[in-house]
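Some notes on the structure that comes next.
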Amino acid sequence: MRNLLLITAASAALAACATGPGPDKSPTVNVAMVRESDPVQSVDDAADDPAIWRNAAAPSASLIVATDKKAGLVVYGLDGKRRDFKPAGRVNNVDLRDGVTIKGQPGVLVVASDRNDPLNGALALFSLAPTGLLTELGKVPGVAGEAYGLCMWRAPDKAVYAFLVMKDGTIAQVSLDASGATPTGKVVRTLKLATQSEGCVADDRTGKLYVGEEDVGVWRFDAAADAPTTATPFAKVDRIKQFDDVEGLAIAAEGATGGWLIASSQGDNAFAVYRLEDATYVGRFRIGGEGSESVQETDGLELAVGDFGPDFPGGIFVAQDGDNRPDPQNFKLTSWNRIKAALGL
């Protein structure tokens, strides 16, 4: 959640980024939610991060895997109803990839950042069945420190990696292998940001990794295991377009390299949108209006484009809602088509 960290000198490099029109010229638009999920079982600050699996054979039967960061992983259908719960303790962020070899067969690999040991970060691995049931596969060690953010990347050679973002800004790139009886992993390199970081997303098409340094902004890295570890500034916290904390990040892919990056602007309950190819700011939105509940203080979010059935024909956007009172926190779902129309994308 929100932190009072000092912004380091690294923020100066971000000052030249994403210099599009501010909210005075491009207002923060409201987008109504389509529906919401069942609440997580834990109270207070508990829901955190979602991942989306698209069922290509039956898009309306697609699934959302989300973290209750005090208890484990929850699986929801697109109707928002809980399909499964897997106790896993303190798991913070989650991501998944389909078509990964799991115990000799292709399947859906789900990976969560495991912070049950605050001194030693780890990855918790699961497989997801189309029915919504999760099966625990095991844990893979990460690096010293408290695990926080996580995202996955599939390289051109089909190798699968997880980026484990530690609370101090260290990012461990872990090569994963779930093909055997027990999953294994190897830290192939580490990256570093100066202060507390969490949200990240990797673009399988372009091999680019985006990481949110909470009080500073969004940075871009080359995701390849043998690439330089230099970070390039992408979007800054300026308290006009992007407010601290920068939390969840998601990509709406379009074509071979295009699309948009969406960042949670937690400090003012909004989401900032940037063009991927040149980091141009294109607008901001909030979930609310038109009689729907609003979304506040979003931690994690996810977006997947494509056909997800009649309610989400062009894609689905899922955001954690930090204030769902009187019930525990949950996740709000809306249509990517609604967001695009509101922003004129």
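As the structure is a computational prediction, the values presented were derived from the model and not from experiment. By convention here, the first residue in the shown sequence is residue 1.
Judged by distance alone, the side chain of Asp48 and the main-chain N or O of Lys69 form no donor-acceptor pair under 3.5 Å. With Ser113 contributing its side chain and Leu164 its backbone, the two residues share no donor-acceptor pair below 3.5 Å. Remark: side-chain polar atoms of Glu213 are paired, donor with acceptor, to backbone N or O of Thr195 under 3.5 angstrom. Looking at Arg115, its side chain never comes within 3.5 Å of a backbone N or O of Asn92 through a donor-acceptor pair.
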Start with the C-alpha distance between Trp260 and Leu343, add both sets of side-chain angles, then the distance that settles side chain to side chain contact (heavy atoms under 4.5 Å, CB included), and finish with yes or no. CA-CA 12 Å; Trp260 297 270; Leu343 292 173; over 6 Å; no
For Leu209 and Trp153, run side chain to side chain contact (heavy atoms under 4.5 Å, CB included): C-alpha distance rounded to whole Å, both residues' side-chain angles, the deciding distance at 0.1 Å, then the answer. CA-CA 8 Å; Leu209 168 70; Trp153 176 58; over 6 Å; no
Audit row: Leu276, Arg205, side chain to side chain contact (heavy atoms under 4.5 Å, CB included) steps and yes/no: CA-CA 12 Å; Leu276 277 175; Arg205 304 168 305 159; 3.5 Å; yes
side-chain hydrogen bond (donor to acceptor under 3.5 Å, both in side chains) evaluation trace for Asp321 with Gln329: CA-CA 6 Å; Asp321 186 3; Gln329 293 178 344; over 6 Å; no
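Taking the side chain as every heavy atom from C-beta outward, Leu137 and Leu109 approach each other to under 4.5 Å.
Screening Ile64, Asp38, Val40 for a side chain to side chain contact (heavy atoms under 4.5 Å, CB included) with Phe331, the sole residue that qualifies is Val40.
Using a cutoff of 4.0 Å between basic side-chain nitrogens and carboxylate oxygens, Asp268 and Arg286 are scored as salt-bridged. Using a cut-off of 4.0 Å between Lys/Arg side-chain N and Asp/Glu carboxylate O, Asp45 and Lys70 are scored as not salt-bridged. The residues Asp79 and Lys81 are annotated as not salt-bridged, no charged nitrogen and carboxylate oxygen being separated by less than 4.0 angstrom.
The structure places CD of Glu297 at 6.0 Å from CG of Asn269, a figure rounded to the nearest 0.5 Å. Considering OG1 of Thr131 and CG of Asp84, their distance stands at 8.0 Å, rounded to 0.5 Å. To the nearest 0.5 Å, the span separating SG on Cys200 from OH on Tyr210 amounts to 12.5 Å.
Residues satisfying the ring pair (Phe, Tyr, Trp, His ring centres under 6.0 Å) criterion with Tyr76, sequence neighbours excluded, are absent altogether. Every residue meeting the ring pair (Phe, Tyr, Trp, His ring centres under 6.0 Å) condition with Phe317, not counting sequence neighbours, appears here in chain and number order: Phe271, Phe285.
Counted by atom type alone, Thr232 and Arg220 present zero donor-acceptor pairs between their side chains at under 3.5 Å. Under 3.5 Å, the side chains of Glu247 and Thr298 contain no donor-acceptor pair of N or O atoms. In summary, the side chains of Asp68 and Ser42 do present a donor paired with an acceptor at a separation below 3.5 Å, with no hydrogens or angles considered. The closest side-chain donor-acceptor pair between Gln196 and Asp245, if any, does not fall under 3.5 angstrom. Side-chain polar atoms of Asn93 and Glu198 form a donor-acceptor pair below 3.5 angstrom. Under 3.5 Å, the side chains of Ser335 and Asn337 contain no donor-acceptor pair of N or O atoms.
Residue pairs satisfying the disulfide (SG to SG under 2.5 Å) criterion with at least one member in residues 312-345, sequence neighbours excluded, are absent.
When all heavy atoms of Gly217 and Val246 are compared, the closest pair comes out as CA-CG2, 4.0 Å. Counting all heavy atoms, side chain and backbone alike, Asn116 lies closest to Gly89 at OD1-CA, 3.5 Å.
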